[in-house]
Amino acid sequence: MVEDVTGLYREFGDERLPPGQHRTEGFPVLSKGNEPRVTREEWSLTLSGAVAEPRTLDWEAFTALGVETQRQDFHCVTGWSRFDCEFTGVPFRTLADHAGVDPDAEHVLFHAADDYTTDLPLDACLRPETLLAFEFDGDPLPREHGGPVRVVTPHRYAYKGAKWVTGIEFLTEPQRGFWEQRGYSVTANPWREERYG
Ligand SMILES: Nc1nc2c(c(=O)[nH]1)N[C@H]1C(S)=C(S)[C@@H](COP(=O)(O)O)O[C@H]1N2
Ligand SMILES: [Mo]
């Protein structure tokens, strides 16, 4: 079953396409540098920081937590949006529950195999649309789009979605990620055009 979450824009206004964005049919690739080559067998995910039980999950343990498929839109801060992407993955919320997030955790820093990081307030991560995705349109997520596993955040600009994700660090104080240190927004709501921070 595919859950359609493309209507989430209605929380923020009447237009599905956020201001200043144009639609693209293709799926451009935006990577800051090298694109790591990681197999599902080599991959693991670490849940650390302000949690009851730090954990490292391998592929089997990760997928056993429960998988969902969602139809989502994808908004890049450089101006393009791709509608109706079908992503299959494990919800962030499921992973947070698995580790047991401390009550004083407020923020999240995602880590990736290319040393990319990105940060978001915890409440934005806990929305049901935040997935750690491993399939796109029914196929394994291509390496250039972050395979084996990436984060997707259809309610935020796409730089919040770490490709080749390796870790989720729960924080009691905000810490800035790669683009956030370079002037991009921490909150990054596309309908409010929060591009720069
Ligand atoms: N690990 C990692 N994740 C990343 C990036 C990156 O360079 N490295 N780029 C970000 C940016 S700026 C965008 S717009 C999206 C692009 O995803 P795509 O290449 O699948 O379109 O991934 C984000 N996640
Ligand atoms: Mo981006």
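Whatever order the structure lists ligands and atoms in, that order sets their numbers, starting from 1.
Atom numbering of ligand 1 starts at 1 in the shown order; those under 4.0 Å from a heavy atom of Lys32 are 6 (C), 7 (O). Near Trp179, meaning under 4.0 Å from one of its heavy atoms, ligand 1 places the atoms 12 (S). Those atoms of ligand 1 that come under 4.0 Å of a heavy atom in Ser31, given as number and element, are 7 (O). Annotation for ligand 1: atoms under 4.0 Å from non-hydrogen atoms of Trp164 are 1 (N), 2 (C), 8 (N). The atoms of ligand 1 that sit less than 4.0 Å from any heavy atom of Ala162 are 3 (N). Each of the following atoms of ligand 1 lies closer than 4.0 Å to a heavy atom of Ala112: 1 (N).
When heavy-atom distances to ligand 1 are checked against a 4.0 Å cut-off, Phe178 has no atom that comes that close, whether in backbone or side chain. For Phe74, every heavy-atom contact with ligand 1 shorter than 4.0 Å involves the side chain, none the backbone.
Contact analysis puts Phe27 in contact with ligand 1, with a non-hydrogen atom separation below 4.0 angstrom. At least one heavy atom of Gly161 sits less than 4.0 Å from an atom of ligand 1. Contact annotation: Arg150 has at least one heavy atom less than 4.0 Å from an atom of ligand 1.
Ranking the protein heavy atoms by distance from atom 19 (O) of ligand 1 puts Lys163 NZ, 2.6 Å first. Protein heavy atom at the shortest distance from atom 8 (N) of ligand 1 is Asp114 OD2, 2.7 Å. Nearest protein heavy-atom contact of atom 14 (S) of ligand 1 is Cys76 SG, 3.3 Å. Protein heavy atom at the shortest distance from atom 9 (N) of ligand 1 is Leu30 O, 3.2 Å.
Residues Leu126 and Phe12 fall into different hydrophobic clusters, defined by Ile, Leu, Val, Met, Phe, Trp and Tyr side chains chained together at heavy-atom separations under 4.5 Å.
The option with the heavy atom closest to atom 20 (O) of ligand 1, from among His111, Arg82, Glu144, His145, is His145. Looking at Tyr116, Tyr159, Trp80, Phe110 and measuring to atom 5 (C) of ligand 1, the nearest heavy atom belongs to Tyr116.
Under the 30°/60° scheme for interplanar angles, the aromatic rings of Phe74 and Phe87 are found to be tilted. Phe170 and Phe92 have tilted rings, their planes meeting at an angle from 30° to 60° on a 0 to 90° scale. Taking the six-membered ring where tryptophan is involved, the planes of His145 and Phe136 are tilted, since the angle between them lies from 30° to 60°.
For the pair Lys32 and Phe178, the cation-pi criterion (under 6.0 Å, within 45° of the ring axis) is fulfilled. Both the sub-6.0 Å distance and the 45° axial angle are not jointly satisfied by Arg182 relative to the ring of Tyr184. A cation-pi arrangement is found for Arg16 relative to Phe83, the charged atom lying closer than 6.0 Å to the ring centre and inside a 45° cone about the ring normal.
Within a 6.0 Å radius of CG in Asp14, other residues, nucleotides and ligands contribute 12 heavy atoms or fewer. Around CD of Glu106, the count of heavy atoms belonging to other residues, nucleotides or ligands within 6.0 Å does not exceed 12.
Backbone and side-chain nitrogen or oxygen atoms of Pro28 are examined, and one is located within less than 3.5 angstrom of a nitrogen or oxygen of ligand 1.
Note that OG1 of Thr172 and NE2 of His107 are 11.0 Å apart. Values are rounded to the nearest 0.5 Å.
A ring pair (Phe, Tyr, Trp, His ring centres under 6.0 Å) with His75 is found for exactly one of Trp80, Tyr157, Trp191, namely Trp191.
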